[in-house]
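For reference, the structure discussed in these notes is given below.
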Amino acid sequence: ENVYSVIRGSKTFTLYPPCDRLHLRYRYYPLSRYGEGGDLIPEDGSVPWIDIDQRDPLCGDNSNLHPVVVTVRSGETLYLPSYWFHHVTQTHSTIAINYWYDIDYGPSYGLFKMYDELARLKE
């Protein structure tokens, strides 16, 4: 769960509902972190991640996706529910704050895991 507030500027979120997991281009990327000097330091393991902007034709057929595009401006707040995939862009400097909090592993978690497993079988 995430609450995202823009103080100055704006950010545009492209949101994909959990059911779109079946059609999102999803890959595992190597873990890494930034060191104090700004250099990228590889770590063991990988993390699942959605490739670039799914609206890009390079991601393949996106006709089955159901994106919701929202621009959050100065003074506005966006609630980003659990399991919703998102891509964020901005055109100029933006100041924002967000608060992440623990998700509720209720029925929606089981539904998401079903979509996730079906997508893996499809790949």
Side-chain angles (χ1 to χ4, degrees):
E1 308 284 345
N2 187 358
V3 177
Y4 193 92
S5 296
V6 174
I7 307 302
R8 183 206 267 157
S10 65
K11 289 203 179 195
T12 298
F13 289 74
T14 303
L15 308 169
Y16 300 94
C19 60
D20 279 2
R21 170 60 182 98
L22 293 168
H23 308 290
L24 292 171
R25 192 164 128 180
Y26 200 72
R27 295 186 178 171
Y28 284 83
Y29 289 91
L31 282 177
S32 57
R33 64 181 173 82
Y34 284 104
E36 288 183 26
D39 50 327
L40 197 59
I41 301 169
E43 294 187 341
D44 291 335
S46 62
V47 62
W49 208 260
I50 298 171
D51 278 351
I52 60 176
D53 185 353
Q54 295 291 314
R55 296 168 299 168
D56 188 316
L58 295 175
C59 282
D61 180 19
N62 58 16
S63 62
N64 292 315
L65 297 177
H66 305 90
V68 176
V69 179
V70 177
T71 299
V72 184
R73 294 178 176 83
S74 180
E76 297 179 338
T77 298
L78 171 71
Y79 165 67
L80 181 58
S82 298
Y83 314 117
W84 279 64
F85 299 94
H86 60 283
H87 175 80
V88 184
T89 59
Q90 66 187 52
T91 58
H92 53 280
S93 296
T94 300
I95 299 172
I97 57 171
N98 69 325
Y99 177 73
W100 291 90
Y101 56 97
D102 287 337
I103 61 174
D104 175 20
Y105 288 99
S108 59
Y109 178 74
L111 186 61
F112 173 76
K113 290 307 288 179
M114 179 191 76
Y115 290 135
D116 196 45
E117 289 303 316
L118 287 172
R120 288 177 204 270
L121 290 172
K122 183 180 157 189
E123 294 168 356

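Note: hydrogens, waters and symmetry copies are ignored here, and every other heavy atom, side chains too, is used.
Between F13 and Y4, the ring center distance clears the sub-6.0 Å criterion.
Around the OH atom of Y28, the shell of radius 6.0 Å holds more than 12 heavy atoms that belong to other residues, nucleotides or ligands.
When side chains are defined from C-beta on, P18 counts as touching W84, because their heavy atoms get closer than 4.5 Å. Here the side chains of E1 and Y99 are not in contact, with every heavy-atom distance at 4.5 Å or above.
Under the 4.5 Å side-chain contact rule for hydrophobic residues, L15 and Y115 do not share a cluster. Cluster membership check: W49 shares its hydrophobic cluster with L31, using side-chain heavy-atom separations under 4.5 Å among Ile, Leu, Val, Met, Phe, Trp and Tyr. In the hydrophobic clustering of this structure, V69 does not group with V72; members are Ile, Leu, Val, Met, Phe, Trp, Tyr whose side-chain heavy atoms approach within less than 4.5 Å, directly or through other members. V68 and F85 are not part of a single hydrophobic cluster, where members link through side-chain heavy atoms under 4.5 Å apart. One hydrophobic cluster holds both L78 and V6 under the rule that ILVMFWY side chains link at heavy-atom gaps under 4.5 Å.
Contact between H86 and V88 at its shortest, heavy atoms only, is CD2-CG2, 3.7 Å. Closest approach of P81 to Y79, counting heavy atoms only: CD-O, 3.4 Å. Residues I41 and G35 come closest through the heavy atom pair CD1-CA, 3.6 Å. Nearest heavy-atom pair across P67 and T14 is CB-CG2, 3.8 Å. Considering all non-hydrogen atoms of both residues, A119 and L22 come closest at N-CD2, 3.6 Å.
Taken to the nearest 0.5 Å, the SG atom of C19 stands 15.0 Å off from the OH atom of Y83. A distance of 11.5 Å separates CG of L118 from NZ of K113, quoted to the nearest 0.5 Å. Atoms CD and NZ, on E76 and K11 in that order, are 14.5 Å from each other to the nearest 0.5 Å. Expressed to the nearest 0.5 Å, how far OG1 of T12 lies from CZ of R73 amounts to 7.5 Å.
A donor-acceptor contact shorter than 3.5 Å is absent between the side chain of S32 and the backbone of E43. At least one donor-acceptor pair under 3.5 Å links the side chain of T94 to the backbone N or O of H92. Without hydrogens or angle criteria, D20 side chain to H66 main chain gives a donor-acceptor distance under 3.5 Å.
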